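None of the values given here were measured: they were computed from a predicted structure.
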Number of protein chains: 2
Amino acid sequence: MHVRIDDGDPTPPYEQLRRQLLALVHAGGLPAGARLPPIRQLAADLGVAAGTVARAYRELEDAGWLVSRRGGGTRVAEGAVAPQVPPAVLTLAEELVQRARELGADAAAVRAAIDRALARPEP
Amino acid sequence: MHVRIDDGDPTPPYEQLRRQLLALVHAGGLPAGARLPPIRQLAADLGVAAGTVARAYRELEDAGWLVSRRGGGTRVAEGAVAPQVPPAVLTLAEELVQRARELGADAAAVRAAIDRALARPEP
DNA sequence: CTTCTTGTATCGTTGATCTGACACAAATAT
DNA sequence: ATATTTGTGTCAGATCAACGATACAAGAAG
């Protein structure tokens with residue numbers, strides 16, 4: 001589980017966690033049926049209260065991405081499917097990331113480049 | 001000024017504003033020397049309190065991106081330079097965005113594709 | 001100089017969130 | 001059947017941010 005809470009980020013911890021988990025599901029890092037850590041364990045690992053993790057799990061369950069059962073843990077919902085992205089765009093994205101890494105650019109630089117390109121209005 | 005506050009986002013409004021303004025500076029939408037709206041005016045436009053905009057301005061000034069003077073308004077600092085991004089990456093990003101738009105993909109789809117590519121560990 | 005604009009600072013109130021702790025319910029493991 | 005695991009719910013206290021309002025300070029404009 002590559003998730004962590006940034007204490008310097010004013011975004012509430014439960015929201016940081018919710019977004020990271022959702023990104024993991026979208027990226028396929030957590031396939032359908034995969035089990036997530038128990039609330040108490042993840043809370044201890046992240047250094048937050050159990051209620052904080054519980055809220056992130058609950059909101060993702062309300063949105064249909066997770067399924068929770070008492071005693072059975074929390075798992076990625078079977079119907080959880082990544083959002084529709086044209087395969088050609090995905091391929092270009094992978095090429096861009098690979099090239100960026102060859103040039104020594106990190107994730108932040110890649111996102112900055114994308115943000116700049118998106119800021120230019122289409123002609 | 002293409003900025004807006006999302007009431008459904010738990011991120012504090014002052015932080016949403018700070019990030020959007022910083023993104024504008026990075027993207028060149030606000031060149032060095034450009035004047036930002038007065039605090040009260042922007043607050044009224046966004047539907048937030050003046051103190052909220054003031055905090056976003058102040059944090060960006062502390063970080064060196066803006067310069068504020070009483071009576072003179074708030075402007076983009078002369079030394080404000082976009083973060084270092086290899087030109088080749090910027091070019092690839094523009095090509096990707098252009099292609100994505102031709103395919104009907106929106107900004108969210110582009111970011112999702114980038115996130116997925118970034119999630120794949122380098123070989 | 002006088003007036004207007006603009007940023008800065010403070011106050012009290014309200015609402016949201018985090019925390020630590022505890023009890024309860026349901027599924028699993030032995 | 002019993003014990004353990006795990007999710008759910010509640011509570012009081014603490015912290016933080018937003019709000020509306022007000023006052024003040026410094027530069028600009030007339």
Side-chain angles (χ1 to χ4, degrees), chain A residues 1 3-22 25 30 33-78 80, chain B residues 1 3-22 25 30 33-78 80:
Chain A
M1 291 289 302
V3 287
R4 63 188 188 88
I5 301 301
D6 180 0
D7 292 304
D9 190 340
T11 304
Y14 81 88
E15 176 70 5
Q16 292 187 42
L17 181 55
R18 189 193 68 84
R19 290 178 183 172
Q20 290 182 42
L21 292 176
L22 184 55
V25 174
L30 284 173
R35 181 170 179 185
L36 283 76
I39 285 179
R40 294 167 180 79
Q41 178 187 321
L42 183 53
D45 291 348
L46 296 176
V48 300
T52 302
V53 176
R55 176 160 185 182
Y57 278 13
R58 182 174 55 78
E59 294 206 357
L60 287 170
E61 184 178 16
D62 292 345
W65 295 104
L66 303 180
V67 175
S68 294
R69 283 185 311 175
R70 287 174 175 171
T74 301
R75 296 170 181 276
V76 177
E78 290 300 331
Chain B
M1 292 290 302
V3 288
R4 61 189 188 87
I5 302 300
D6 181 359
D7 291 304
D9 190 340
T11 304
Y14 82 88
E15 176 70 6
Q16 292 187 41
L17 181 55
R18 188 192 68 84
R19 290 177 182 172
Q20 289 182 42
L21 292 176
L22 184 55
V25 174
L30 284 173
R35 180 168 181 187
L36 282 75
I39 287 179
R40 294 167 179 81
Q41 178 186 321
L42 182 54
D45 289 350
L46 295 175
V48 300
T52 302
V53 176
R55 176 161 186 182
Y57 278 14
R58 181 174 56 78
E59 296 207 356
L60 287 170
E61 185 179 15
D62 291 343
W65 295 105
L66 302 180
V67 175
S68 293
R69 285 186 307 175
R70 288 175 174 168
T74 300
R75 297 173 180 276
V76 178
E78 290 300 330

Residues in residues 39-53 of chain B with a heavy atom under 4.0 Å of DNA chain C, by number, are Ile39(B), Arg40(B)
Per the under-4.0 Å heavy-atom filter, residues of residues 63-73 of chain A near DNA chain C come out as Arg69(A), Arg70(A), Gly71(A)
I need the Thr11(B) OG1 to Gln16(B) CD distance, nearest 0.5 Å.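 With rounding to 0.5 Å, OG1 (Thr11(B)) is 5.5 Å from CD (Gln16(B)).
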Interatomic distance, CG@Leu17(B) vs CG@Leu22(B), rounded to 0.5 Å, equals 11.0 Å
Those residues at least two apart in sequence (or on a different chain) that pass salt bridge (charged side-chain N to carboxylate O under 4.0 Å, His left out) with Asp9(A) are Arg19(B)
Residues passing the salt bridge (charged side-chain N to carboxylate O under 4.0 Å, His left out) test with Asp7(B), sequence neighbours excluded, are none
Could you give the start and end, 5' to 3', of the contact zone on DNA chain C for chain A, using atoms under 4.0 Å from its heavy atoms?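 Contacts span dT17(C) to dT28(C), reading 5' to 3'.
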Ion pair present between Glu61(A) and Arg58(A), side-chain N to carboxylate O less than 4.0 angstrom?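 Answer for the salt bridge query: no.
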5'-most contact on DNA chain C (nearest-nucleotide basis), Thr74(B) vs Tyr14(A), goes to Thr74(B)
So the salt bridge (charged side-chain N to carboxylate O under 4.0 Å, His left out) pairs with at least one residue in residues 35-54 of chain A (sequence neighbours excluded) are none
List for me each residue that meets side-chain contact (heavy atoms from CB on, under 4.5 Å) alongside Ala44(B), sequence neighbours excluded, and say none if there are none.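 Expected list: none.
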Applying side-chain contact (heavy atoms from CB on, under 4.5 Å) to Ala34(B) and not counting sequence neighbours gives Leu30(B), Pro31(B), Val76(B)
Margin query: Using a heavy-atom cut-off of 4.0 Å across all strands, would you classify Pro10(A) as base, sugar-phosphate, or nothing?
Written below: nothing
With a non-hydrogen cut-off below 4.0 angstrom, is Glu15(B) in contact with a base, only sugar-phosphate, or nothing?
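Counting heavy atoms under 4.0 Å across all strands, no contact is made by Glu15(B).
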I need the CZ-P distance between Arg75(A) and dT6(D), as an integer number of Å.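 That distance rounds to 11 Å.
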Name the atoms and distances for all side-chain donor-acceptor pairs under 3.5 Å in residues 47-57 of chain A, with sequence neighbours left out.
| unit_1 | atom_1 | unit_2 | atom_2 | d |
| --- | --- | --- | --- | --- |
| Arg55(A) | NE | Glu59(A) | OE2 | 3.1 |
| Arg55(A) | NH2 | Tyr14(A) | OH | 3.2 |
| Arg55(A) | NH2 | Glu59(A) | OE2 | 3.4 |
| Tyr57(A) | OH | Pro37(A) | O | 2.8 |

Using distance only, find each side-chain donor-acceptor pair of residues 66-73 of chain B under 3.5 Å and give its atom names and separation, not counting sequence neighbours.
| unit_1 | atom_1 | unit_2 | atom_2 | d |
| --- | --- | --- | --- | --- |
| Ser68(B) | OG | Thr74(B) | OG1 | 2.9 |

Kindly determine whether Leu42(A) and Val3(A) satisfy side chain to side chain contact (heavy atoms under 4.5 Å, CB included), including the steps that lead there. CA-CA 9 Å; Leu42(A) 183 53; Val3(A) 287; 4.1 Å; yes
Testing the basics here: between Pro10(B) and Pro12(A), what is the closest heavy-atom pair and its distance to 0.1 Å?
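Shortest heavy-atom contact: O-CD, 3.6 Å.
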Axis-to-axis angle across the helix from dC1(C)-dG30(D) to dT30(C)-dA1(D), five pairs each end, nearest 10 degrees, ~ 30°
